[in-house]
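The structure under discussion appears below in the form of structure tokens.
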Amino acid sequence: MRADRNKIQVNQAVILCGGFGTRLGPLTQKVPKPLLLFSKKPFLDYILKNLSRFGIKEILLLCHFQKDQFIKKYHNKKKFNLSIKCIIEKTPLGTFGSLKNSYKYLQPYFLLLNGDTFFDINLRDFIYRFNSRSFIGALAVAKKRENRFSKLLINKNYISKFNIKNNVSSYINSGTYIFSKKICKIKSKVSSSLEIDILPGLTIKKKIQGIKYVNRFNKFIDIGVPEDYIKVKNFLIKVFNKPTIFLDRDGVINEDLNYVHEIKNFKWKKNVKKAIKFMNDHNFYVFVVTNQSGVGRGYYGENDVIDLHNWINNELRSKGSQIDDFFYATYHKTSILDYSNYEKNLRKPNIGMINLA
């Protein structure tokens, strides 16, 4: 089962941006919810930045209301190392109709998110735990006791009931999904709702996996309701200012075999993958700060360092964890290359790399 999970690649996120935002009244008469500003930045930018953190490469924005604003700001542009495309629906198609409208651009597996919610979870863990053999999709389940949220029930690992309007459950739909592209083959009306028209039927067939994220680290907000809108700024400050772990590389993550720069010589330290995942799951940023004087000495190139770090992260992400960023210093007093004082100060025990992080 686990091997099957590791086979799928999820590098694309689809974001629903077409809603009218009527619950927010005058705030969204001219500006769509995902583009409302918080600390002078659109809410959507915070979603994009978080997706980039987890190694997502491609974004589809499904747009209708005030579509020109999305096109001007994002269409066919790069932001946070993400390639972004806007998919336009000429008339309102509903959440499932708009997804089907984007069919030809979808990758075999993709994340689906609401443009007006934010769920602070380890997305790589979510992708890793998705059982693509047994389910057509998975939902990241949040926990909220407020009655204004529609509730759901989980039986073992699948969603057993959607859209409960009472206090039987405190589990809610976070609006964070993984789907197979095959979901778009389900017959539906041109204008149709994922939550109302599609998911209940898939629930009966036990085809939607429920993955719980209900500890104190997993914060959730829906900016589309006035009660939460006033909390968004403080919420985002807390979400993006996380506790941080700084790790050396050689001798900490891998065995120090002298100037390691090739995959064949990289040997993981015992239990280090488990430790990094523990930190990811407990909402820490994880940074590597490593002296790589082998570059300055001419033993290998900077691209060798970058390639190895990319491989390390691909290995971690395949198991539901990751390193948020790598910082390296290539200077040494015996370097054959020329270095500025700034570059020299990156080398530990100076704090240049930590300042960059």
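Being a predicted model, the structure only gives us computed values, none of them experimental.
Remark: side-chain polar atoms of Asn114 are not paired, donor with acceptor, to backbone N or O of Asp116 under 3.5 angstrom. The main-chain N or O of Lys231 is never found under 3.5 Å from a side-chain atom of Asn234 such that the two would form a donor-acceptor pair. In this structure, the side chain of Asn291 does not engage the main chain of Ser293 through any donor-acceptor pair within 3.5 Å. Checking side-chain atoms of Ser98 against main-chain N and O of Gly94 turns up a donor-acceptor pair under 3.5 Å. Side chain of Gln209 to main chain of Phe135: no donor-acceptor pair is present (N/O by atom type, distance under 3.5 Å, no hydrogens or angles). Between the side chain of Ser102 and the main chain of Tyr105, no donor-acceptor pair closer than 3.5 Å is present. Put simply, the side chain of Arg317 never gets that close to the backbone of Arg124: no donor and acceptor are under 3.5 Å apart. For Asp197 (side chain) and Ser193 (main-chain N/O), a donor-acceptor pair under 3.5 Å exists by modelled atom type. Of the possible donor and acceptor atoms, none in the side chain of Glu195 sits under 3.5 Å from a partner among the backbone N and O of Phe162. Within the 3.5 Å criterion, the main-chain N or O of Leu48 finds no donor-acceptor partner in the side chain of Ser52.
In this structure, CD on Gln12 lies 14.0 Å from NZ on Lys57, to the nearest 0.5 angstrom. Phe240 contributes atom CZ, which lies 6.0 Å from atom OH of Tyr285 (distance to the nearest 0.5 angstrom). The CZ atom of Phe118 sits 6.0 Å away from the CZ atom of Phe235 when rounded to the nearest 0.5 Å. The CD1 atom of Ile154 sits 7.5 Å away from the OG atom of Ser169 when rounded to the nearest 0.5 Å. Residue Asn345 holds its CG atom at 9.5 Å from OH of Tyr331, rounded to the nearest 0.5 Å. Here the straight-line distance linking atom CG of Leu44 with atom CZ of Phe70 works out to 6.5 Å at 0.5 Å rounding.
Within a 6.0 Å radius of CZ in Phe278, other residues, nucleotides and ligands contribute 12 heavy atoms or fewer. Counting non-hydrogen atoms of neighbouring residues, nucleotides and ligands closer than 6.0 angstrom, the NZ atom of Lys78 exceeds 12 such neighbours. The local environment of CG in Asp338 is sparse, with at most 12 non-hydrogen atoms from other residues, nucleotides or ligands closer than 6.0 Å. Lys77 NZ: more than 12 foreign heavy atoms inside a 6.0 Å radius. Around the NZ atom of Lys79, the shell of radius 6.0 Å holds more than 12 heavy atoms that belong to other residues, nucleotides or ligands. Heavy-atom contacts from other residues, nucleotides or ligands closer than 6.0 Å to CG of Asn81 number 12 or fewer. Residue Ile351 places its CD1 atom among 12 or fewer non-hydrogen atoms of other residues, nucleotides or ligands, all under 6.0 Å distant. More than 12 heavy atoms of other residues, nucleotides or ligands lie within 6.0 Å of CD1 in Ile186, so this atom counts as buried by the packing criterion.
The two residues Ile211 and Arg129 come nearest to each other via the heavy atoms CG2-CZ, 3.3 Å. Taking all atoms of both residues into account, the shortest heavy-atom contact from Ile223 to Lys33 is CD1-O, 3.5 Å. Shortest non-hydrogen contact noted between Ile47 and Gly115 is CD1-O, 3.7 Å. Here the shortest heavy-atom pairing between Lys143 and Ser170 reads CE-OG, 3.0 Å. Closest approach of Val141 and Gly210 over heavy atoms only: CG2-CA, 4.2 Å. Across every non-hydrogen atom of Thr117 and Ser174, the tightest pair is OG1-O, 3.6 Å.
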Margin query: For a side chain to side chain contact (heavy atoms under 4.5 Å, CB included) check, start with the C-alpha distance between Asp120 and Asn283, then their side-chain angles and the critical distance, and finish with the verdict.
Written below: CA-CA 8 Å; Asp120 189 24; Asn283 221 8; 3.0 Å; yes
Next item on the list: Could you walk me through whether Asp125 and Tyr213 pass side chain to side chain contact (heavy atoms under 4.5 Å, CB included), step by step?
Entry: CA-CA 10 Å; Asp125 176 76; Tyr213 292 94; 2.6 Å; yes
Next item on the list: Apply side chain to side chain contact (heavy atoms under 4.5 Å, CB included) to Tyr103 and Lys185, showing your working.
Entry: CA-CA 9 Å; Tyr103 179 80; Lys185 296 295 185 180; 3.2 Å; yes
Next item on the list: Verify side chain to side chain contact (heavy atoms under 4.5 Å, CB included) between Tyr171 and Lys212, making sure each step is shown before the conclusion.
Entry: CA-CA 9 Å; Tyr171 297 129; Lys212 297 178 185 177; 3.1 Å; yes
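Contact check for Asn11 versus Gln107: side-chain heavy atoms found under the 4.5 Å cut-off. Residues Asn101 and Leu62 have side chains not in contact (no heavy-atom distance under 4.5 Å, counting atoms from C-beta outward). Looking only at side-chain heavy atoms (C-beta outward), Ile127 and Leu111 come within less than 4.5 Å of each other. The closest side-chain heavy-atom distance from Leu112 to Phe110 is below 4.5 Å. Side-chain contact between Lys151 and Ile172: present, with at least one pair of heavy atoms (C-beta onward) separated by less than 4.5 Å. When side chains are defined from C-beta on, Leu36 counts as touching Tyr229, because their heavy atoms get closer than 4.5 Å. In this structure, Ile159 and Leu153 have side chains that are not in contact, with every pair of non-hydrogen atoms separated by 4.5 Å or more. Two residues are said to be in side-chain contact when any heavy atoms from C-beta on lie closer than 4.5 Å; Arg249 and Val260 meet this criterion.
Put simply, Met279 and Val239 are part of two different groups of oily side chains (I, L, V, M, F, W, Y) that touch within less than 4.5 Å, one to the next. Residues Leu27 and Leu236 are members of one and the same hydrophobic cluster, defined by side-chain heavy-atom contacts under 4.5 angstrom among Ile, Leu, Val, Met, Phe, Trp and Tyr. Both Leu123 and Ile15 belong to a common hydrophobic cluster when Ile, Leu, Val, Met, Phe, Trp and Tyr are linked at side-chain heavy-atom distances under 4.5 angstrom. Taken together through direct or relayed side-chain contacts under 4.5 Å among Ile, Leu, Val, Met, Phe, Trp and Tyr, Val288 and Ile312 form part of one hydrophobic cluster. Cluster annotation: Ile88 and Leu16 are assigned to distinct hydrophobic clusters (Ile/Leu/Val/Met/Phe/Trp/Tyr, side-chain heavy-atom contacts under 4.5 Å, transitive).
With sequence neighbours left out, the ring-ring contact (aromatic ring centres under 6.0 Å, His included) criterion links Phe327 to Phe287. In this structure Tyr177 satisfies the ring-ring contact (aromatic ring centres under 6.0 Å, His included) test together with Phe179, sequence neighbours excluded. Here Lys181 pairs with nothing under the salt bridge (Lys or Arg N to Asp or Glu O under 4.0 Å) rule; sequence neighbours left out.
A donor-acceptor contact closer than 3.5 angstrom links the side chains of Tyr339 and Thr330. Counted by atom type alone, Gln292 and Asp250 present one or more donor-acceptor pairs between their side chains at under 3.5 Å.
Lys348 has a carboxylate O that lies under 4.0 Å from a charged side-chain N of Asp248, or vice versa, which qualifies the two as a salt bridge. In summary, Asp324 and Lys242 do not engage in a salt bridge, as defined by a charged side-chain N under 4.0 Å from a carboxylate O.
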